[in-house]
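Convention: sequence-line order gives letters A, B, ...; per-chain numbering from 1.
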Protein chains: 2
Amino acid sequence: MKLSVKSDYAARAVIGLAKHFPTGAALKVEELANESGTPANYLVQILIELKSRNIVKSVRGKEGGYLLARPPGEISLGDVLRCVHGRVFDPPALHDPHCPSELRAAWNKLQTALDETADGITFQHLLDEGADKAKMYYI
Amino acid sequence: MKLSVKSDYAARAVIGLAKHFPTGAALKVEELANESGTPANYLVQILIELKSRNIVKSVRGKEGGYLLARPPGEISLGDVLRCVHGRVFDPPALHDPHCPSELRAAWNKLQTALDETADGITFQHLLDEGADKAKMYYI
DNA sequence: CCCGACGTGAAGCTTTCTGTTAAAAGCGAC
DNA sequence: GTCGCTTTTAACAGAAAGCTTCACGTCGGG
């Protein structure tokens with residue numbers, strides 16, 4: 001089972017915005033695309049979805065662009081994942097009466113495990129990890 | 001992110017075989033398909049994959065069919081999932097150098113969470129749950 | 001007004017998923 | 001051996017989803 005590239009792009013974009021969050025300035029789509037190595041035209045669509053979920057916000061006109069709607073500590077990987085796809089781990093069995101209930105329960109167990117893990121990872125954590133990594137190179 | 005119907009079918013098939021495991025008799029593909037509500041022609045392909053991973057085994061000829069290769073307690077949902085798809089939660093970032101390492105670590109964390117949960121659920125557990133459910137109706 | 005940026009929808013392409021079909025091969029019974 | 005039953009394997013096709021690009025609409029500021 002493949003995690004879609006879209007989620008990866010979305011997460012990278014939020015990381016990129018999180019790094020610039022302290023400056024308070026908006027980041028243009030193209031800059032963000034270059035920085036995170038994602039196709040700009042696709043990134044736009046993802047950013048719009050992220051905006052509708054109140055994860056990022058946008059500024060129009062010259063000097064416009066995107067910035068985080070909330071501090072990185074209040075945005076979890078689960079938020080981004082659920083924004084990009086619907087639910088993480090959507091069970092196909094929901095609408096199939098042939099699926100035994102015990103199996104349905106098992107799928108739900110997997111889903112909650114995933115959700116809880118993803119919700120436990122905030123982008124502040126990811127920033128800190130990245131900083132630690134950079135420091136280790138410095139030493 | 002959608003869990004594929006294939007995994008659902010595979011799990012249902014193994015549950016069906018697990019129920020018949022005590023009898024020691026082989027179950028024909030068509031019987032299994034009827035019982036688990038899966039398209040027989042598609043189920044065949046899934047069963048072959050399950051066989052190659054030593055989850056089920058087959059008997060040819062008249063009175064032939066499929067049966068579990070191991071007792072239900074030794075088969076986990078993770079086994080079936082990994083058989084049907086490659087890895088559960090394959091991160092697309094693996095081959096993309098632009099993906100920051102901290103994000104890669106996060107994807108791995110999600111993957112291991114999922115794997116551990118799925119490996120913790122054996123089909124014996126599922127059978128017991130189903131039996132409990134039946135008993136509750138009985139009361 | 002005009003430029004530069006976001007916003008939106010649609011189109012094309014590729015890949016994966018799902019399901020079907022048909023032919024090959026093994027096993028047991030007569 | 002041959003026949004009927006089953007699994008096995010390969011090939012195929014339609015449907016759906018994912019990815020990407022493009023073109024045009026919209027808004028804000030100089």
Side-chain angles (χ1 to χ4, degrees), chain A residues 1-10 12-13 17 25-34 36-53 55-67 69 81 83-87 90-93 95-96 98, chain B residues 1-13 17 25-34 36-53 55-69 81 83-93 95-96 98:
Chain A
M1 207 181 54
K2 242 181 31 187
L3 181 62
S4 72
V5 187
K6 195 177 179 182
S7 5
D8 200 55
Y9 288 170
R12 282 197 237 172
L17 290 177
L27 209 55
K28 276 181 278 196
V29 169
E30 207 152 332
E31 291 172 345
L32 185 56
N34 286 335
S36 56
T38 62
N41 287 322
Y42 193 23
L43 189 57
V44 170
Q45 302 175 27
I46 299 174
L47 284 169
I48 291 177
E49 287 186 71
L50 288 173
K51 185 188 167 190
S52 76
R53 284 283 199 115
I55 294 175
V56 305
K57 58 185 175 183
S58 64
V59 179
R60 296 179 86 137
K62 198 170 166 78
E63 302 300 310
Y66 284 90
L67 50 162
L81 240 46
C83 171
V84 169
H85 309 105
R87 302 164 66 175
D90 185 22
H95 313 96
D96 193 336
H98 284 291
Chain B
M1 204 181 54
K2 239 184 30 186
L3 182 61
S4 71
V5 189
K6 196 175 178 182
S7 4
D8 199 55
Y9 288 168
R12 282 196 237 172
L17 291 178
L27 208 56
K28 276 181 279 198
V29 170
E30 208 153 330
E31 291 172 345
L32 186 56
N34 286 336
S36 56
T38 61
N41 288 323
Y42 193 23
L43 190 56
V44 169
Q45 299 177 25
I46 299 173
L47 283 170
I48 291 177
E49 287 186 70
L50 288 172
K51 185 190 167 193
S52 76
R53 284 284 200 114
I55 294 175
V56 304
K57 59 184 176 184
S58 64
V59 179
R60 298 174 87 139
K62 198 173 168 79
E63 302 299 311
Y66 285 90
L67 51 161
L68 249 51
L81 240 46
C83 171
V84 169
H85 309 107
R87 302 164 63 176
V88 199
F89 225 82
D90 185 21
H95 313 97
D96 193 336
H98 283 291

Would you tabulate the pairs of protein nitrogen or oxygen atoms and nucleotide nitrogen or oxygen atoms of nucleotides 25-28 of chain C closer than 3.5 angstrom?
unit_1	atom_1	unit_2	atom_2	d
C:dA25	N3	B:R60	NH2	3.2
C:dG26	O4'	B:R60	NE	3.3
C:dG26	O4'	B:R60	NH2	3.3
C:dG26	N2	B:G61	N	3.4

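- If you check every strand for non-hydrogen atoms under 4.0 Å, A:K57 touches nothing.
- Shortest non-hydrogen contact noted between B:I46 and B:A10 is CG2-CB, 3.6 Å.
- Contacts of A:E49 classified as salt bridge (Lys or Arg N to Asp or Glu O under 4.0 Å), with partners at least two apart in sequence or in another chain: A:K6.
- Between A:I46 atom CD1 and C:dT8 atom C1' the separation is 15 Å, expressed in whole Å.
- Nucleotides of DNA chain D that come within less than 4.0 Å of any heavy atom of chain B span, from the 5' end to the 3' end, D:dC5 to D:dA17.
- Here the closest non-hydrogen pair linking B:I55 and B:C83 is CD1-CB, 4.2 Å.
- Contact between A:V84 and A:S7 at its shortest, heavy atoms only, is CG1-N, 4.1 Å.
- Taking both residues in full, the closest heavy atoms of A:V29 and A:A40 are given as CG1-O, 3.9 Å, listed atom of the first, atom of the second, then distance.
- Among the protein residues, B:V29 comes within range of the sugar-phosphate backbone only, with heavy atoms under 4.0 Å from sugar or phosphate atoms but none that close to a base.
- Protein atom CD of A:E31 is 9 Å distant from nucleotide atom P of C:dA5, rounded to whole Å.
- Side chains of A:T38 and A:D8 form no contact here, defined as non-hydrogen atoms less than 4.5 Å apart.
- The nearest whole Å value for the distance from the CG atom in B:L43 to the C1' atom in C:dT20 is 14 Å.
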Could you write out each protein N or O paired with an N or O of nucleotides 15-18 of chain C at a distance under 3.5 Å?
unit_1	atom_1	unit_2	atom_2	d
C:dT18	OP1	B:V5	N	2.8
C:dT18	OP2	B:K6	N	3.4

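- Summarising the geometry, atom CD1 belonging to A:I48 is positioned 15.5 Å from atom CZ belonging to A:R53; distances are rounded to the nearest 0.5 Å.
- Minimum interatomic distance between A:S36 and A:R12 (heavy atoms only, all atoms of both residues): O-NH1, 2.9 Å.
- For the pair A:N41 CG and C:dC6 P, the interatomic distance rounds to 12 Å; values are reported in whole Å.
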Donor-acceptor pairs under 3.5 Å, side chain of residues 56-66 of chain B to any protein atom, not counting sequence neighbours: which ones?
unit_1	atom_1	unit_2	atom_2	d
B:S58	OG	B:K51	NZ	3.4

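- For B:E31, the side chain to side chain contact (heavy atoms under 4.5 Å, CB included) partners two or more places apart in sequence, or in a different chain, are B:L27, B:K28.
- Between B:A26 and B:L67, the shortest heavy-atom contact is CB-CD2, 3.7 Å.
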